[in-house]
Amino acid sequence: MTVVTYRQAITRGIADALSADDDVFLFGEDVARAGGAFKTTDGIWEQFGDARVLDTPISEQAIVGTAIGAAIRGLRPLAEVMFADFAAVCFDGIVNELAKYRYMTGGQVTCPVTIHMANGAGTGFGAQHSQPAENWFLNTPGLKVVVPATVTDAYALMRAAVEDDDPVLYFEHKGLFGMRGELPDDVPRVELGVAETVRSGEHVTVVATQQMRHRALAAAEQLAEEGVEVELIDPRTLVPFDHATVRASLERTNRLLVVQEGSAGGSWGGTLITHVLQEGFELLDAPPLLVCSDETPVPYAGPLEAAWLPTVERIADAIRRTARY
Amino acid sequence: MTVVTYRQAITRGIADALSADDDVFLFGEDVARAGGAFKTTDGIWEQFGDARVLDTPISEQAIVGTAIGAAIRGLRPLAEVMFADFAAVCFDGIVNELAKYRYMTGGQVTCPVTIHMANGAGTGFGAQHSQPAENWFLNTPGLKVVVPATVTDAYALMRAAVEDDDPVLYFEHKGLFGMRGELPDDVPRVELGVAETVRSGEHVTVVATQQMRHRALAAAEQLAEEGVEVELIDPRTLVPFDHATVRASLERTNRLLVVQEGSAGGSWGGTLITHVLQEGFELLDAPPLLVCSDETPVPYAGPLEAAWLPTVERIADAIRRTARY
Amino acid sequence: MTSETTSPALDQDVQLEMLRAMHEIRFFEDACHRLFASGAVRGTTHLCQGQEAVNVGALHALRADDQMTCTYRGHGAVLAKGVALDRSFGEILGKADGLCGGKGGSMHLTDVARGALGSFAIVGGHLPVSVGVAFAARYRGTDEISVCFFGDGSTNIGAFHESLNLASVWRLPVLFVCENNLYGEYSPLHTTTPIEVLADRAAAYGMPGVRIDGNDVLEVHATVTAAAARARAGEGPTLIEAMTYRQKGHSRADPAKYRPDGELEAWLARDPIVLHERALAADGVAQEQLDAIRAAAERAVEEALERAQSWSEPAVETRLEHVWA
Amino acid sequence: MTSETTSPALDQDVQLEMLRAMHEIRFFEDACHRLFASGAVRGTTHLCQGQEAVNVGALHALRADDQMTCTYRGHGAVLAKGVALDRSFGEILGKADGLCGGKGGSMHLTDVARGALGSFAIVGGHLPVSVGVAFAARYRGTDEISVCFFGDGSTNIGAFHESLNLASVWRLPVLFVCENNLYGEYSPLHTTTPIEVLADRAAAYGMPGVRIDGNDVLEVHATVTAAAARARAGEGPTLIEAMTYRQKGHSRADPAKYRPDGELEAWLARDPIVLHERALAADGVAQEQLDAIRAAAERAVEEALERAQSWSEPAVETRLEHVWA
Ligand SMILES: Cc1ncc(C[n+]2csc(CCOP(=O)(O)OP(=O)(O)O)c2C)c(N)n1
Ligand SMILES: Cc1ncc(C[n+]2csc(CCOP(=O)(O)OP(=O)(O)O)c2C)c(N)n1
Ligand SMILES: [Mg+2]
Ligand SMILES: [Mg+2]
């Protein structure tokens with residue numbers, strides 16, 4: 001049991017994935033000698049060498065395509081796309097080739113590709129380096145989407161992603177890189193599609209990921225002092241989504257609040273709320289609220305970016321509204 | 001008043017847009033001499049010539065970037081991206097550059113770019129040429145999204161899109177190209193963001209676009225014989241969305257059904273349902289159902305693709321469930 | 001690197017086998033033409049009559065364990081890789097026993113067991129995949145080669161650039177075989193491409209590039225044999241530009257009116273099958289033997305089509321399979 | 001085309017003006033370095049000390065009505081285009097009166113009124129935009145030129161390929177100025193690029209390409225003057241590879257440990273400002289005058305920074321503006 005940062009947990013997850021399976025290789029821009037633009041691959045190249053840890057040109061389309069080609073020939077590529085925003089540059093490879101390859105060939109190929117990318121706002125990188133890009137991929141069946149929020153999940157979900165036989169998009173949140181937490185020497189496995197109940201409570205079910213999970217927890221603790229007990233659920237993977245855990249919680253709380261970084265349109269929060277309503281309408285005693293960002297790009301200036309992200313206060317207010325409804 | 005196809009209405013819309021404003025130019029792959037892969041630009045080059053109608057290399061990233069650069073210098077580019085699926089190849093240009101350019105520069109530029117693309121399933125083109133791609137763009141503020149379903153809308157929305165000072169993605173549905181309808185000589189303007197109430201009814205509000213609008217109408221007529229009166233709304237543009245018209249309808253029907261081509265995740269249907277619930281939860285006497293496609297890519301074989309798309313029967317059943325609830 | 005027409009004459013059995021293979025493809029494509037023209041199949045198809053020598057010459061110069069990717073115009077490449085005629089027809093007809101169980105279609109013929117790794121419908125989409133296939137071969141210590149077929153127009157898309165660059169930096173065993181059939185869809189190459197000899201683009205990647213007569217199956221065979229030896233020796237990729245001609249239109253819908261007078265006739269006079277038959281006759285092969293080969297191929301194709309037509313359509317539930325591993 | 005160092009000597013006033021401009025950029029970047037190093041500004045910045053001669057030589061060879069696009073490493077290009085120092089600082093500081101009202105930040109300095117059309121943070125993103133800018137110039141019958149600055153590593157991304165190809169097919173007035181500073185992030189060029197001379201890539205587009213000394217402001221000026229004349233004469237684009245050096249790390253976080261011993265020192269000995277001062281002294285300009293220019297630039301930058309620091313932050317409501325026209 002040691003205390004490490006979220007960043008270090010990712011690095012250990014990558015290192016252990018490479019140790020566990022010789023078919024795993026790591027590649028991307030500046031991931032080898034430089035140890036990654038975010039230092040999430042620090043020391044990996046030194047440990048595993050040129051054959052298994054490779055720097056690439058600035059060619060995201062080539063990176064994704066190479067991962068696909070290597071995967072269908074028996075390898076387990078772990079590719080880095082530096083900022084998740086750059087997934088737009090290789091979007092075709094991800095949504096038209098990677099996601100559909102197995103299906104279009106009637107199951108002749110499997111694509112055990114993991115693409116890890118730095119996600120999200122709050123760090124002053126501006127509109128083209130701050131998007132919560134997970135929402136771009138929700139309407140493309142065939143992709144698994146992982147959004148770790150803690151040190152242990154950062155590690156365990158990296159392991160699960162690389163071991164998974166389907167394409168997995170692993171989004172690490174830039175705002176969490178420096179967060180510290182305990183990482184056991186033998187981290188328990190986490191399956192993709194299994195949520196974590198962060199906090200139990202009988203009044204309101206709150207679902208949140210990454211940065212917002214931590215803000216929601218802070219809000220929940222405020223509310224506890226007001227006598228409102230929040231059940232906080234972190235789905236940890238958006239695809240597949242652990243609907244059973246959310247439903248079980250709603251059967252007790254009958255109130256749902258989803259907190260997400262990013263605007264409402266085409267988002268995972270809206271997808272979750274819609275799903276709950278298809279079978280669970282009767283469960284709800286209050287409107288299932290979505291706390292999210294404004295319908296704007298991510299602004300640069302500190303106060304503007306801060307206002308774009310849901311704050312603990314906004315979350316707490318929404319919980320109050322939901323509880324009182 | 002003449003009867004034309006949806007395809008011809010698009011062509012006339014393009015021709016009239018070029019006639020109305022010398023700053024409008026049309027370009028894309030095989031749009032000039034060949035008249036477009038779908039013949040939606042048939043005769044345009046003959047009428048307007050090399051200077052204003054240009055064939056491009058197979059370079060979607062260059063097409064979108066060129067449109068942006070020309071737009072900020074005062075032109076009104078009308079670009080064709082043949083199949084909407086190919087928007088994935090130029091996704092960065094659309095979501096990271098086009099959508100954010102005005103915002104990132106604090107309003108220094110306007111981007112009156114229209115990109116028209118052939119959208120959707122049902123024509124046997126397979127998984128990489130059949131996606132309802134409008135859902136890729138919903139989480140990217142800064143893009144207007146247009147989805148015409150009729151001959152008059154195909155024309156009027158093309159005119160409105162080109163005249164609009166913001167980026168507009170105009171999705172023409174492949175399954176509707178051959179559909180015939182009357183096109184008045186002087187087509188009334190349609191503003192972006194104004195829905196059409198296709199059919200009035202007091203029991204269930206159904207919202208649908210493109211192919212699904214027509215299937216929903218067929219279902220509505222079946223239901224009328226059973227005494228269930230459907231109010232069918234075609235939003236026509238997804239961004240901006242005419243929430244007022246939907247809400248006004250729900251105030252009378254208190255029942256909502258959304259019918260869409262494409263899977264549920266990150267979709268416009270889920271976005272709409274979530275939005276309605278934020279302010280309109282009390283309006284709903286029944287679960288707001290989403291009739292949509294399976295969470296799979298679009299299969300090729302006729303029976304499989306047919307089953308992937310919501311059928312009139314499935315829509316009718318969902319209306320019944322909603323009405324009876 | 002210069003073309004290798006001066007290599008030792010090829011064993012006549014191989015030459016006769018290549019004739020058979022070209023006939024088979026020709027009859028297969030003619031049958032497809034009838035199937036689509038008659039409306040017996042929905043969607044679209046892209047035929048390769050006139051280009052058979054490129055696929056056959058290249059793939060007969062390679063080993064069964066070499067790996068091939070190609071485009072929507074890939075029937076010839078797939079058949080030349082030894083894929084069954086009936087299952088290929090079956091896929092195009094959307095049958096349960098088609099290569100992909102009817103999920104892929106004409107643009108996605110795939111038979112991984114034969115090293116036909118996939119037919120890709122997004123221009124440029126498979127080039128980076130072919131790089132990954134070559135990477136895997138080297139990573140796993142095999143001396144397999146990755147061969148990638150694509151068209152002249154595809155050399156203008158970004159993925160082409162990124163793929164050749166990366167393959168060269170990593171000195172991977174990939175053969176990039178450009179089938180220059182003078183057109184990208186309806187556009188003659190010179191309208192979209194500022195240089196004449198596409199093989200010259202190899203210089204931008206420090207890679208050998210060679211332009212050859214793609215209608216001379218022996219020249220193709222000799223060139224690919226030499227490039228393959230180079231690749232297996234670890235000397236890296238080669239760009240081969242094979243000059244050929246698409247005797248039919250771009251796709252089902254295209255009558256190819258845009259061709260200059262006499263162009264088709266001139267190329268028909270250089271039909272690769274005719275040329276090869278002539279060469280074999282000059283080598284003393286009896287006309288009877290040549291005719292017998294042709295007749296056998298025709299019969300094989302007819303029988304395969306009949307078998308495939310007798311197969312059943314896929315069960316609708318199968319559309320839900322093969323999204324996930 | 002070969003470099004034009006032999007062109008008639010440039011008017012000394014212009015040469016002195018270029019010295020002032022280079023000093024201004026140098027002091028500006030040094031100030032940015034302090035601001036970010038001290039943590040006074042969040043996010044990241046990409047500085048161009050050592051590369052000033054490329055931006056200044058190029059933009060002083062062009063007209064005020066010529067249009068410029070550049071990258072996140074664009075402070076030098078923007079200032080060389082005549083953009084105000086204080087509003088540039090203001091944007092980086094996220095102030096209301098910054099160039100973009102604080103919405104853009106260090107990577108997006110833009111002043112359309114000065115022809116500084118934008119700084120782009122996605123590698124390759126602005127190359128096609130620069131093509132569109134040139135298209136608009138020709139479409140509107142002006143003889144304006146579009147100049148586009150980008151780095152060596154950017155020549156490996158797909159958008160580079162598509163942009164140069166299209167600009168050449170259409171013979172547009174664009175100057176593609178590649179600032180070859182030997183590194184893409186932390187990777188030396190040879191690790192990502194299989195050729196040495198990037199200017200040679202111009203041949204793949206039938207475009208003249210020239211490699212020049214980017215630290216010799218006069219050589220840059222002469223080369224761009226000639227290329228601009230060519231472009232204005234309708235003879236199309238040119239690729240200019242300016243050899244230079246990034247004296248600081250890639251971005252705020254980078255100490256640039258990866259440099260071989262002596263490399264920095266060797267390039268500091270060829271500092272573009274030192275070289276130009278030396279040349280001017282050799283032409284008889286008095287040291288006092290050179291010192292006065294330097295001192296004035298230093299003062300101007302200091303005062304501009306003080307002004308900018310005194311400005312107020314944007315009101316949070318402004319984050320909702322400028323999404324739409
Ligand atoms: C990214 C993308 N853009 C456009 C298309 C539409 N399209 C299909 S084939 C084709 C022409 C390709 O020409 P070429 O590369 O010469 O191959 P050929 O069809 O001649 O074999 C085009 C533009 C596509 N499939 N993908
Ligand atoms: C599409 C994309 N991929 C990766 C990055 C991250 N990135 C920012 S700068 C840079 C290096 C660019 O190198 P070069 O083109 O030589 O420009 P320089 O920074 O040296 O001026 C990279 C990889 C990016 N911004 N965009
Ligand atoms: Mg071609
Ligand atoms: Mg560089």
Side-chain angles (χ1 to χ4, degrees), chain B residues 22-25 27 50-52 54-77 79 89-93 95-113 140-144 164-167 192-193 239-240, chain D residues 67 69 91 96 98-105 107-113 116-122 124-140 142 144 146 148 157-167 169-170 172 174 314 318-319 321-325:
Chain B
D22 291 344
D23 291 334
V24 178
F25 69 102
F27 71 121
D50 288 326
R52 298 185 63 193
L54 299 92
D55 286 326
T56 69
I58 307 168
S59 305
E60 282 78 7
Q61 293 185 78
I63 290 170
V64 170
T66 298
I68 297 169
I72 62 169
R73 297 297 297 147
L75 303 186
R76 284 192 180 274
V89 178
C90 46
F91 196 73
D92 173 67
V95 303
N96 284 337
E97 322 295 344
L98 180 60
K100 298 172 171 53
Y101 202 165
R102 177 174 176 77
Y103 190 78
M104 291 192 300
T105 60
Q108 291 185 64
V109 298
T110 56
C111 296
V113 169
T140 301
L143 301 171
K144 294 179 177 176
D164 196 88
D165 282 338
D166 289 311
L192 302 185
V239 183
Chain D
Q67 303 296 321
T69 52
E91 187 56 33
L99 290 168
C100 308
K103 288 217 185 77
M107 295 202 275
H108 299 295
L109 300 187
T110 303
D111 188 350
V112 171
L117 293 182
S119 305
F120 292 71
I122 304 284
H126 63 305
L127 274 79
V129 173
S130 73
V131 174
V133 169
F135 177 86
R138 188 173 65 192
Y139 189 94
R140 291 166 50 239
T142 77
E144 295 165 9
S146 171
C148 175
I157 201 154
F160 166 85
H161 182 67
E162 296 191 7
S163 303
L164 271 70
N165 186 69
L166 183 60
V169 193
W170 286 357
L172 293 173
V174 199
T318 63
R319 77 185 190 280
E321 299 166 3
H322 303 133
V323 178
W324 307 111

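The structure displayed is predicted, hence computed values, not measured ones.
Contacts between D/Glu321 and chain B at a heavy-atom distance below 4.5 Å involve the backbone alone (N, CA, C, O). Residue contact with chain D, scored on non-hydrogen atoms closer than 4.5 Å, involves the backbone and the side chain of B/Asp165 alike. Residue D/Arg138: no heavy atom, backbone or side chain, is found under 4.5 Å from chain B. Using a 4.5 Å cut-off between heavy atoms, D/Val169 contacts chain B through its side chain alone, with no backbone atom that close. With a 4.5 angstrom heavy-atom cutoff, B/Asp50 does not touch chain D via any of its atoms. Proximity to chain D (any heavy atom under 4.5 Å) is restricted, for B/Ala51, to the backbone atoms N, CA, C and O. There is no contact between D/Leu127 and chain B, counting heavy-atom distances below 4.5 Å. Neither the backbone nor the side chain of B/Leu98 comes within contact range of chain D, judged by heavy atoms closer than 4.5 Å.
Highest contact tally toward chain D, considering only B/Thr110, B/Val109, B/Ile72, B/Val64, is held by B/Ile72 [criterion: heavy-atom pairs under 4.5 Å]. Between chain B and the options D/His108, D/Arg319, D/Glu144, D/Gln67, heavy-atom pairs under 4.5 Å are most frequent for D/Gln67. Note: B/Leu75 leads B/Ile68, B/Ile58, B/Leu75 in heavy-atom pairs under 4.5 Å with chain D. Chosen from D/Gly101, D/Ala159, D/Ser163, the residue pairing most often with chain B at heavy-atom distances under 4.5 Å is D/Ala159. Chosen from B/Glu97, B/Arg52, B/Arg73, the residue pairing most often with chain D at heavy-atom distances under 4.5 Å is B/Arg73.
Between B/Pro57 and D/Asn165, the shortest heavy-atom distance links the atoms CG-ND2, 3.5 Å. Across every non-hydrogen atom of B/Asp22 and D/Tyr139, the tightest pair is O-OH, 2.6 Å. Looking at every heavy atom in both residues, D/Val323 comes nearest to B/Tyr103 through CG2-CD1, 3.7 Å. Among all heavy-atom pairs drawn from B/Ala62 and D/Pro128, the shortest one is CA-CB, 3.8 Å. B/Thr66 and D/Trp170 get closest at one heavy-atom pair: CG2-CZ3, 4.3 Å.
Here the NZ-NZ distance, from D/Lys103 to B/Lys100, works out to 14.0 Å after rounding to the nearest 0.5 Å.
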Could you please spell out the steps behind the side-chain contact (heavy atoms from CB on, under 4.5 Å) verdict for B/Met104 and D/Thr110? CA-CA 9 Å; B/Met104 291 192 300; D/Thr110 303; over 6 Å; no

What verdict does the side-chain contact (heavy atoms from CB on, under 4.5 Å) test give for B/Gln108 and D/Asp111, after you've listed the backbone C-alpha separation in whole Å, the side-chain angles of each residue and the deciding distance to 0.1 Å? CA-CA 8 Å; B/Gln108 291 185 64; D/Asp111 188 350; 4.1 Å; yes

Between B/Thr105 and D/Val112, does a side-chain contact (heavy atoms from CB on, under 4.5 Å) hold up when you go through it step by step? CA-CA 9 Å; B/Thr105 60; D/Val112 171; 5.7 Å; no

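In this structure, B/Phe27 and D/Phe135 have parallel ring planes: the angle between them is below the 30° cut-off, well short of the 60° mark.
Using a 4.5 Å cut-off on side-chain heavy atoms (C-beta onward), B/Ser59 and D/Leu166 make no contact.
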